[in-house]
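We number each residue from 1, following the sequence as shown. Note that these values count all heavy atoms, side chains included, but never hydrogens, waters or copies made by symmetry.
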Amino acid sequence: MAINKNHEFEDLEGVKCAIVEKNAAPARISFLKDLLAFNGYAVVVVKSPPPKAAAAKPAAATDVPVTAANSGEALPTQPSPPETYTIGVTDVMFNATNAVFGRSLKTESGHIVTLAYWLQQEKQPHDEIPYFENKAG
């Protein structure tokens, strides 16, 4: 059980894992899997369960359900939800927030992973000087 929502655990494929991200798209999974594996973490990816459908509104006794048979038209079908995945690492001490802000993750090019890089807002992280190391006064 997690102490807080920032450090969740789950059994993925029968292995206790620290959850890195839930409901991630395949492209996001590819990015995170490569980054975490490069940093020495054993990564586990499983398909996320589909989202729960919204509760149906109860029909009144006088309401006649509209079907393809009595409307004369084909009813639109609900689009299927996109496939999403849950990614975790077998090191239960891992916390994505601490790893990014603690500057403990590196890219293959040797740069420190920044928040913008982690969120895929920039292609290559630039080495920032943390505010507490900035000697300019």
Side-chain angles (χ1 to χ4, degrees):
M1 181 159 101
I3 294 173
N4 60 37
K5 289 297 275 183
N6 294 329
H7 200 175
E8 294 183 354
F9 306 99
E10 216 173 279
D11 283 337
L12 303 179
E13 295 181 347
V15 178
K16 187 74 157 186
C17 295
I19 301 300
V20 176
E21 195 165 307
K22 289 185 175 184
N23 298 324
R28 178 82 174 141
I29 290 298
S30 176
F31 170 78
L32 289 175
K33 188 174 181 179
D34 293 344
L35 179 65
L36 293 167
F38 175 76
N39 282 278
Y41 293 100
V43 179
V44 179
V45 178
V46 297
K47 188 174 177 183
S48 295
K52 295 179 182 177
K57 181 175 93 173
T62 58
D63 290 345
V64 176
V66 177
T67 62
N70 64 9
S71 71
E73 297 178 11
L75 293 177
T77 59
Q78 294 291 333
S80 61
E83 284 192 8
T84 59
Y85 298 88
T86 299
I87 185 168
V89 294
T90 57
D91 180 359
V92 294
M93 296 296 292
F94 180 81
N95 181 307
T97 303
N98 291 345
V100 171
F101 289 106
R103 303 168 56 88
S104 62
L105 296 175
K106 294 192 183 244
T107 64
E108 291 183 23
S109 62
H111 291 88
I112 294 172
V113 173
T114 61
L115 180 60
Y117 183 77
W118 178 264
L119 297 175
Q120 292 181 276
Q121 295 171 343
E122 60 184 30
K123 298 280 185 200
Q124 185 65 29
H126 56 282
D127 289 332
E128 302 175 338
I129 297 174
Y131 74 93
F132 52 85
E133 289 181 7
N134 189 356
K135 302 297 182 196

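In this structure, the side chains of D34 and V43 stay at 4.5 Å or more apart for every pair of heavy atoms. A heavy-atom distance below 4.5 Å is found between the side chains of W118 and L105.
Nearest approach of F9 to K16, heavy atoms of both residues: CB-CE, 4.0 Å. Taking each heavy atom of Y85 and S48 in turn, the nearest pair found is C-OG, 3.1 Å. Contact between K33 and I87 at its shortest, heavy atoms only, is N-CD1, 3.9 Å. Between F38 and K106 the shortest heavy-atom distance is CD2-O, 3.5 Å. Minimum interatomic distance between V46 and E13 (heavy atoms only, all atoms of both residues): CG1-CG, 3.4 Å.
In this structure, the side chain of N39 engages the main chain of L35 through a donor-acceptor pair within 3.5 Å. Looking at T86, its side chain never comes within 3.5 Å of a backbone N or O of K22 through a donor-acceptor pair.
Put simply, V100 and L119 are part of the same group of oily side chains (I, L, V, M, F, W, Y) that touch within less than 4.5 Å, one to the next. Residues F101 and L32 share a single hydrophobic cluster, defined by chaining ILVMFWY side chains whose heavy atoms lie under 4.5 Å apart. Each of F94 and V44 belongs to its own hydrophobic cluster when Ile, Leu, Val, Met, Phe, Trp and Tyr are linked at side-chain heavy-atom distances under 4.5 angstrom.
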For this session: Go through the steps to decide whether V20 and Y41 satisfy the test side chain to side chain contact (heavy atoms under 4.5 Å, CB included), and finish with yes or no.
Result: CA-CA 11 Å; V20 176; Y41 293 100; over 6 Å; no
For this session: Could you go through the side chain to side chain contact (heavy atoms under 4.5 Å, CB included) check for I19 and L12 one step at a time?
Result: CA-CA 9 Å; I19 301 300; L12 303 179; 4.0 Å; yes
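For the atom pair R28 CZ and T84 OG1, the distance stands at 13.5 Å (nearest 0.5 Å). Taking CD of Q121 as the start and OG1 of T114 as the end, the distance is 9.0 Å to the nearest 0.5 Å.
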